Trainee: 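Let me give you the structure first, and then I'll get to my questions.
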Amino acid sequence: MSEKNELLEEVDLVLNAKKRVDFGYLVFILLMMSFVSLALFPKIYIQQRIYFKSRDIYKLKSEYDTLIEENKLINTSVESIRYKNQILDTLF
């Protein structure tokens, strides 16, 4: 019985080799994670800055378009008042 158990333990050691994480491997993983973070941080930061600037630009563009339309309405109103003042008031 003991020979059978020894044989099973040896087979178990061969088939299920224990994987150990040593300190060097842990340092390597931490360095790789920090390198990837340092490499990707500027890209993410610049993308966010571009996104927020484009939002501001879009908002200003929509306000500009609104002001142009409002200016057209005011010019039309001024022309109407001017016409009324110069033409219609002189006739009556």
Side-chain angles (χ1 to χ4, degrees):
M1 192 72 167
S2 72
E3 288 181 13
K4 187 178 176 182
N5 285 338
E6 287 178 16
L7 184 61
L8 286 174
E9 287 176 5
E10 287 181 18
V11 169
D12 187 45
L13 285 176
V14 170
L15 292 179
N16 297 326
K18 294 186 178 184
K19 297 176 184 173
R20 295 184 179 163
V21 178
D22 60 344
F23 184 71
Y25 185 72
L26 180 66
V27 169
F28 174 73
I29 294 297
L30 290 175
L31 286 175
M32 289 300 292
M33 288 176 61
S34 61
F35 177 73
V36 168
S37 296
L38 287 175
L40 293 179
F41 177 74
K43 181 184 181 286
I44 293 170
Y45 176 75
I46 290 172
Q47 269 185 325
Q48 280 194 334
R49 297 294 297 175
I50 289 172
Y51 172 72
F52 285 115
K53 288 295 179 185
S54 67
R55 277 184 38 188
D56 292 341
I57 290 171
Y58 179 75
K59 183 178 177 182
L60 290 173
K61 172 88 169 104
S62 65
E63 288 177 0
Y64 176 73
D65 291 340
T66 303
L67 289 174
I68 287 176
E69 292 299 321
E70 190 174 320
N71 189 23
K72 286 179 184 176
L73 289 174
I74 289 174
N75 282 338
T76 305
S77 176
V78 166
E79 286 296 321
S80 172
I81 291 172
R82 184 178 295 152
Y83 176 77
K84 179 182 175 190
N85 187 21
Q86 291 179 350
I87 304 296
L88 294 178
D89 285 346
T90 58
L91 292 176
F92 298 110

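From a predicted model like this one, the values you see are computed outputs, not experimental measurements.
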Trainee: Which other residues belong to the hydrophobic cluster containing L13, where Ile, Leu, Val, Met, Phe, Trp and Tyr are joined when side-chain heavy atoms lie under 4.5 Å apart, directly or via other members?
Mentor: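 Taking Ile, Leu, Val, Met, Phe, Trp and Tyr as members, L13 stands alone, with no cluster partners.
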
Trainee: Kindly list each side-chain donor-acceptor pair under 3.5 angstrom involving residues 43-56, sequence neighbours excluded, with atom names and distances?
Mentor:
unit_1: S54; atom_1: OG; unit_2: I50; atom_2: O; d: 3.2
unit_1: S54; atom_1: OG; unit_2: Y51; atom_2: O; d: 2.7

Trainee: Show which residues join I68 in its hydrophobic cluster (side-chain heavy-atom contacts under 4.5 Å, direct or indirect), or state none.
Mentor: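 Grouped by the 4.5 Å side-chain rule, Y64 form the rest of the cluster around I68.
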
Trainee: Other than L15, which residues form its hydrophobic cluster under the rule that side-chain heavy atoms must be closer than 4.5 Å?
Mentor: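 Reading the cluster by chain and number, L15 sits alongside V11.
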
Trainee: Working to the nearest 0.5 Å, report the span between CD of E69 and CG of L73.
Mentor: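 Interatomic distance, E69 CD to L73 CG, rounded to 0.5 Å: 7.0 Å.
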
Trainee: Of all residues at least two apart in sequence or in a different chain, which pass the side-chain hydrogen bond (donor to acceptor under 3.5 Å, both in side chains) check with D65?
Mentor: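 Listed in chain order: K61.
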
Trainee: Donor-acceptor pairs under 3.5 angstrom involving side-chain atoms of residues 22-41: please list them, not counting sequence neighbours.
Mentor:
unit_1: D22; atom_1: OD1; unit_2: Y25; atom_2: N; d: 3.3
unit_1: S34; atom_1: OG; unit_2: L30; atom_2: O; d: 3.2
unit_1: S34; atom_1: OG; unit_2: L31; atom_2: O; d: 2.8
unit_1: S37; atom_1: OG; unit_2: M33; atom_2: O; d: 2.9

Trainee: Check residues 76-88 and write down every donor-acceptor pair under 3.5 Å in which the side-chain atom is one partner and the other belongs to a residue at least two apart or another chain.
Mentor:
unit_1: T76; atom_1: OG1; unit_2: K72; atom_2: O; d: 2.8
unit_1: E79; atom_1: OE2; unit_2: R82; atom_2: NH1; d: 3.1

Trainee: Just verifying a value: how many Å separate L7 CG and S2 OG, rounded to the nearest 0.5 Å?
Mentor: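 Nearest 0.5 Å value for the CG-OG distance: 11.0 Å.
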
Trainee: If you measure from CG on N5 to CG on D12, what distance do you get to the nearest 0.5 Å?
Mentor: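 Reported to 0.5 Å precision, the distance equals 11.5 Å.
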
Trainee: Under a single-linkage rule joining Ile, Leu, Val, Met, Phe, Trp and Tyr whose side-chain heavy atoms are separated by less than 4.5 Å, which residues share a cluster with I57?
Mentor: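 Under the 4.5 Å side-chain rule, I57 groups with nothing.
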
Trainee: Check side chain to side chain contact (heavy atoms under 4.5 Å, CB included) between E63 and all other residues, then give those that pass, not counting sequence neighbours.
Mentor: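 Partners of E63 under the side chain to side chain contact (heavy atoms under 4.5 Å, CB included) test: K59, L60.
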
